[in-house]
Asks: 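What follows is a structure written as structure tokens; I'll ask about it next.
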Amino acid sequence: MPINPTPKKSLRLLFVSNPIGPLGSGLGGGVELTLRNIATEQIRRGHSLTIVATKGSTAWGMPLVEIAGNPQISAQTQGRDAPIIIPASSVLANMWDYARQVQTDYDLIVNFAYDWLPFYLTPFLTIPVAHLVSMGSLTEAMDGIIEQVVTQFPGTIGVHSLAQAETFSFANRCRCVKNGIDLSFYDFCAEPAPWIGWVGRIAPEKGLQDAVAASELTGIPLKIMGFLQDELYWQQILQDYPNAPVQYEGFLSTDELQKRLRQCRALLMTPRWVEAFGNVAIEALACGVPVIAYRRGGPAEIVEDGKSGFLVEPDSVERLVDALEKLDTIDRHACRQRVEAEYSNQAMGDRMEQWFSDICSKVNKL
Ligand code: UDP
């Protein structure tokens with residue numbers, strides 16, 4: 001045993017955000033909170049860090065370089081054969097041009113974009129890149145380029161859940177780092193109000209209509225919180241379920257979100273796709289709110305059926321209703337404890353720090 005263990009090396013990290021919209025706008029979905037939490041925790045641990053993001057971003061007081069340019073189209077709106085499209089004056093291209101210019105000031109670049117270009121550029125850079133992949137397999141072009149990177153640079157592809165990894169043919173070469181939140185932002189609520197909640201981007205892959213249908217069937221009021229990404233989809237839901245007691249609260253800051261979320265009897269998670277993780281699951285649990293989720297994707301690895309919520313047959317409104325009837329059997333303290341044990345910023349920070357340091361020391365512990 002060494003008497004004086006080698007002090008931990010402080011890393012210089014360059015976080016390159018996604019090119020969908022400014023940080024803080026909600027356009028980037030869960031990636032925004034994920035980036036914020038990882039950055040805050042790595043700075044707290046003594047690493048230095050700069051965030052590169054679209055012009056108009058907030059970086060919550062952390063060092064930020066804002067880059068102008070046109071956004072990318074969200075990958076989840078495209079078909080499997082979709083070609084790679086990069087607009088004129090692309091913010092994605094501009095962000096990576098900046099990263100190339102300043103790379104020698106850093107030890108590691110962390111890529112938060114689910115886009116082809118950063119993967120393609122990886123071998124052209126002189127410093128390593130950790131790619132935190134935010135969604136499952138969506139297009140052939142993305143699968144191909146991610147596989148190329150994991151083959152050439154083993155250990156550099158991070159995912160949030162095993163289910164997400166399994167959507168790729170190279171699942172066993174992905175490193176699962178899960179996710180985490182700052183528990184001090186979320187207050188525990190022992191006595192809920194009589195309503196339930198649904199939180200997320202209002203877009204077809206999120207399956208809001210099933211939660212609205214469950215609310216209409218049971219008469220339990222549903223509060224909906226999140227970025228309204230697809231107006232036509234939202235109008236269709238209102239038309240299809242005219243008697244559902246729903247209320248749209250808008251896109252809220254984390255603090256406003258948790259103030260409403262913590263009062264919910266349960267959070268419904270009804271995604272139609274393989275949710276890579278589902279930040280909203282751990283946000284709800286942190287407040288003591290049980291999560292009723294379809295048994296697929298990230299939420300199925302977070303929620304313990306019968307303990308911190310219920311996992312039900314995917315796409316079945318009937319099963320959602322059954323679970324709502326059993327809510328009183330869940331101890332809200334057990335929900336908070338689930339996050340404290342596995343998804344705190346501390347727990348997530350340990351996983352991330354180890355991943356970054358493995359990449360930097362070229363020791364790939366998959
Ligand atoms: N969110 C928010 N305000 C809201 C509703 C949601 O800031 O009113 C955030 C929430 O904190 C979470 C993200 O939106 O981080 C949704 O992320 P999730 O991983 O659940 O899904 P994604 O949008 O990435 O598919």
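This structure is a prediction, so every number in the text was calculated from the model and none was measured. As the structure lists them, so they are numbered: ligands from 1, and atoms in each ligand from 1. In what follows, residues are counted from 1 in the order of the sequence shown.
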Asks: Select one of side chain, backbone, both or neither to describe which atoms of Val280 lie under 4.0 Å from any atom of ligand 1, heavy atoms only.
Replies: both
Asks: Report the nearest protein non-hydrogen atom to atom 12 (C) of ligand 1: residue, atom name, distance rounded to 0.1 Å.
Replies: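 For this ligand atom, the closest protein heavy atom is Glu283 OE1, 3.4 Å.
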Asks: Give me the residue, atom name and distance of the protein heavy atom closest to atom 24 (O) of ligand 1.
Replies: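 Scanning the protein heavy atoms, the shortest distance from atom 24 (O) of ligand 1 goes to Gly30 N, 2.7 Å.
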Asks: Non-hydrogen atoms of Gly278 versus ligand 1: any pair closer than 4.0 Å?
Replies: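 It does; at least one heavy atom falls under 4.0 Å.
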Asks: Between Leu252 and ligand 1, which residue portion shows a heavy-atom distance shorter than 4.0 Å: side chain, backbone, both, or neither?
Replies: both
Asks: Under 4.0 Å between a side-chain nitrogen and a carboxylate oxygen: does that hold for Asp187 and Arg336?
Replies: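 Arg336 and Asp187: not salt-bridged.
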Asks: Under 4.0 Å, heavy-atom basis, I'd like to know which part of Glu32 is in contact with ligand 1: side chain, backbone, both or neither.
Replies: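 Neither; nothing of Glu32 gets under 4.0 Å from ligand 1.
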Asks: Nearest heavy atom to atom 15 (O) of ligand 1: which of Leu261, Asn279, Asp255, Thr254 does it belong to?
Replies: Asn279
Asks: May I ask you to decide whether Asp305 forms a salt bridge with Arg295, counting only side-chain N to carboxylate O separations under 4.0 Å?
Replies: yes
Asks: Quick one: does Lys206 get a heavy atom under 4.0 Å from ligand 1?
Replies: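 It does, in that a heavy atom of Lys206 comes within the 4.0 Å cut-off of ligand 1.
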Asks: Name the closest protein heavy atom to atom 6 (C) of ligand 1, giving the residue it belongs to and the distance to 0.1 Å.
Replies: Val199 CG1, 3.5 Å
Asks: Has Glu275 got any heavy atom lying under 4.0 angstrom from an atom of ligand 1?
Replies: yes
Asks: Check whether Glu66 reaches the backbone of Gly56 with its side chain - one donor and one acceptor, N or O, closer than 3.5 Å.
Replies: yes
Asks: Could you find the nearest protein heavy atom to atom 23 (O) of ligand 1 and give me its residue, atom name and distance?
Replies: Arg201 NE, 2.8 Å
Asks: Are Asp331 and Lys307 ion-paired here, with the side-chain N under 4.0 Å from a carboxylate O?
Replies: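 Lys307 and Asp331: not salt-bridged.
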Asks: Any protein heavy atom at under 4.0 Å, with atom 9 (C) of ligand 1 as the reference point?
Replies: no
Asks: Do Ser10 and Arg45 pair up side chain to side chain, a donor and an acceptor below 3.5 Å, judged on atom types alone?
Replies: no
Asks: Less than 6.0 Å separating the ring centroids of Phe188 and His333?
Replies: yes
Asks: Judged by non-hydrogen atoms, does Phe251 sit under 4.0 Å from ligand 1?
Replies: yes
Asks: Tell me whether Asp182 contacts the main-chain N or O of Asn345 through its side chain, where contact means a donor paired with an acceptor under 3.5 Å.
Replies: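 Not confirmed, Asp182 side chain does not pair with Asn345 backbone.
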Asks: Below the 3.5 angstrom mark, is there an N/O of Leu33, backbone or side chain, next to an N/O of ligand 1?
Replies: no
Asks: Can you tell me if Gln209 and Tyr233 form a side-chain donor-acceptor pair at under 3.5 Å?
Replies: yes
Asks: In terms of side-chain heavy atoms, does Thr34 have a donor or acceptor partner in Asn179 at a distance below 3.5 Å?
Replies: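 Yes.
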Asks: Have a look at Gln101 and tell me which of Asp97, Asp105, Thr104 forms a side chain to side chain donor-acceptor pair (under 3.5 Å) with it.
Replies: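 With Gln101 as partner, Asp97, Asp105, Thr104 yield a single side chain to side chain donor-acceptor pair (under 3.5 Å), made by Asp97.
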Asks: Is atom 19 (O) of ligand 1 touching the protein, meaning some protein heavy atom lies under 4.0 Å away?
Replies: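 Under the 4.0 Å cut-off, atom 19 (O) of ligand 1 does have protein heavy-atom neighbours.
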Asks: Heavy-atom contact under 4.0 Å between Gly250 and ligand 1?
Replies: yes
